[in-house]
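Side chains are part of it too, since the values below use all heavy atoms of this structure and drop only hydrogens, waters and symmetry mates. The sequence lines fix the lettering, A, B, ..., with proteins before strands; numbering per chain opens at 1.
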Number of protein chains: 2
Amino acid sequence: MARKTGSHSEITGPRIRAEAARLFSRHGFAAVSMRAIARAVGVQAGALYLYTPDKESLLFDLLKTHMDELLAAWEAEPRAEDPAARLECFVRFHIRFNLERAEAVFLSYMELRNLSPENFARIESLRKRYEDALEAILRQGQAAGVFAVPDTKLATMAIIAMLTGVNTWFREGGRLSRDRVEAIYWDMVRKSVAP
Amino acid sequence: MARKTGSHSEITGPRIRAEAARLFSRHGFAAVSMRAIARAVGVQAGALYLYTPDKESLLFDLLKTHMDELLAAWEAEPRAEDPAARLECFVRFHIRFNLERAEAVFLSYMELRNLSPENFARIESLRKRYEDALEAILRQGQAAGVFAVPDTKLATMAIIAMLTGVNTWFREGGRLSRDRVEAIYWDMVRKSVAP
DNA sequence: GTCTATAGAAAGATAGAC
DNA sequence: GTCTATCTTTCTATAGAC
């Protein structure tokens with residue numbers, strides 16, 4: 001136990017990211033000062049710079065981690081062969097994952113403009129990979145004749161926007177359970193791509 | 001022509017709102033300074049306070065005007081009796097109007113958190129009125145047996161999110177014309193609420 | 001109606017003590 | 001690893017000249 005008083009790098013780093021995510025998603029990146037983050041964590045402002053070179057890198061770290069986890073979680077899902085079953089899996093996965101990470105999802109849509117062009121491009125390419133996963137399902141179903149969409153690219157964007165919208169109104173303990181919401185959205189998506 | 005040099009109230013007011021909308025939508029409310037708005041307009045920062053009591057009121061004015069114009073434009077649309085025809089009208093109206101006012105739409109989704117609680121509530125109640133217009137169409141079609149949605153409230157939120165999403169990717173002069181996009185989205189919406 | 005000038009507060013980031 | 005102190009810049013908003 002030779003550790004010096006006030007040395008907590010293994011917990012302060014994650015705490016900084018957690019508080020930054022909470023504050024950024026609530027007030028917006030530009031409206032949150034480094035001092036405000038430090039206060040929430042319980043350290044002085046200067047201490048933050050031991051964990052991030054600057055404010056923008058802190059934001060980028062949050063968005064990059066979120067996108068990596070999103071892609072990894074989707075790739076870990078069981079992979080159904082049937083296009084309709086895969087599409088249902090995607091719909092339920094997207095709603096579930098996004099509701100569990102509401103803060104990060106909000107950030108990843110709202111705060112992109114605060115990234116440098118290079119960092120912006122990196123996040124966008126990860127998002128594109130995720131969109132491509134859905135488009136591949138739609139193409140497969142289209143080829144098999146079980147889906148009939150006029151344009152798979154537009155259907156991809158339409159479905160993702162529709163599903164992500166759940167985050168704007170869903171509240172735990174509200175009128176509908178998360179599972180019921182998933183079922184209702186799946187019903188609408190299923191019909192929207194039906195022949 | 002007794003007007004003093006530098007007196008332009010009838011054009012400076014609208015210019016301030018236009019430049020503020022452009023800058024807020026591009027960089028975010030908190031990231032745009034009053035100096036930056038003044039510079040874009042071509043006046044000094046102090047002159048802005050002849051047109052707005054403070055920065056937040058300027059934002060509120062933009063959002064309020066947008067919501068008022070949205071509601072007025074929808075109410076001015078020809079009102080079809082048939083629920084399916086009215087729904088198609090809503091889909092096309094929403095896409096068209098939102099694409100024409102991309103900056104204001106972006107602001108009205110992204111910058112709500114920068115309003116005071118009172119002003120936030122005023123904007124949200126206008127948004128609710130717009131959502132209610134769509135829900136009324138869905139209820140009417142449901143009662144007539146031409147639509148079959150598991151939950152009209154969720155279908156309302158799903159459809160609006162899907163349609164508003166067009167603004168995130170549509171570019172004039174791209175692969176698809178605006179009319180073609182409207183038709184494709186209408187096809188998907190039509191099927192999603194079909195029995 | 002717009003300008004210059006400025007008050008007063010707060011921002012991002014760094015230096016050096018401990 | 002964290003703190004205190006501070007540099008430098010920038011911010012919102014106001015006062016008073018023209």
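Partners of Phe170(B) by ring pair (Phe, Tyr, Trp, His ring centres under 6.0 Å), not counting sequence neighbours: none found. In this structure Arg180(B) satisfies the salt bridge (Lys or Arg N to Asp or Glu O under 4.0 Å) test with no other residue, sequence neighbours excluded. Taking the salt bridge (Lys or Arg N to Asp or Glu O under 4.0 Å) definition, one finds that Glu100(A) meets it with nothing, sequence neighbours left out. For Arg178(A), the salt bridge (Lys or Arg N to Asp or Glu O under 4.0 Å) criterion is met by Glu182(A), not counting sequence neighbours.
Sorted by residue number, the members of residues 36-53 of chain B with any non-hydrogen atom under 4.0 Å from DNA chain D read Gly46(B), Tyr49(B). Heavy-atom distances under 4.0 Å link DNA chain D to Val32(B) of residues 23-32 of chain B, given in residue order.
Under the salt bridge (Lys or Arg N to Asp or Glu O under 4.0 Å) criterion, no residue pair touches residues 35-55 of chain A, with sequence neighbours excluded. Applying the ring-ring contact (aromatic ring centres under 6.0 Å, His included) definition to pairs two or more places apart or across chains, those involving residues 10-37 of chain A are Phe24(A)-Phe29(A). Within the structure, the salt bridge (Lys or Arg N to Asp or Glu O under 4.0 Å) test picks out no pair touching residues 159-173 of chain B (sequence neighbours left out).
If you measure from atom CD1 of Ile16(A) to atom C1' of dG1(D), you get 11 Å, rounded to the nearest angstrom. For the pair Met34(B) CE and dA13(D) P, the computed distance is 6 Å after rounding to whole Å. Atom pair Glu56(A):CD and dA13(C):C1' shows a separation of 15 Å (rounding to whole Å applied). The CG atom of Asp54(A) sits 13 Å away from the C1' atom of dT14(C) (whole-angstrom rounding).
Ring planes of Phe93(A) and Phe90(A): tilted class, angle from 30 to 60°.
OP1 or OP2 of dA10(C) has not a single side-chain nitrogen or oxygen of Ser33(A) nearer than 4.0 Å. Listed pair Thr12(A) / dT2(D) meets the phosphate criterion, a side-chain N or O lying under 4.0 Å from OP1 or OP2.
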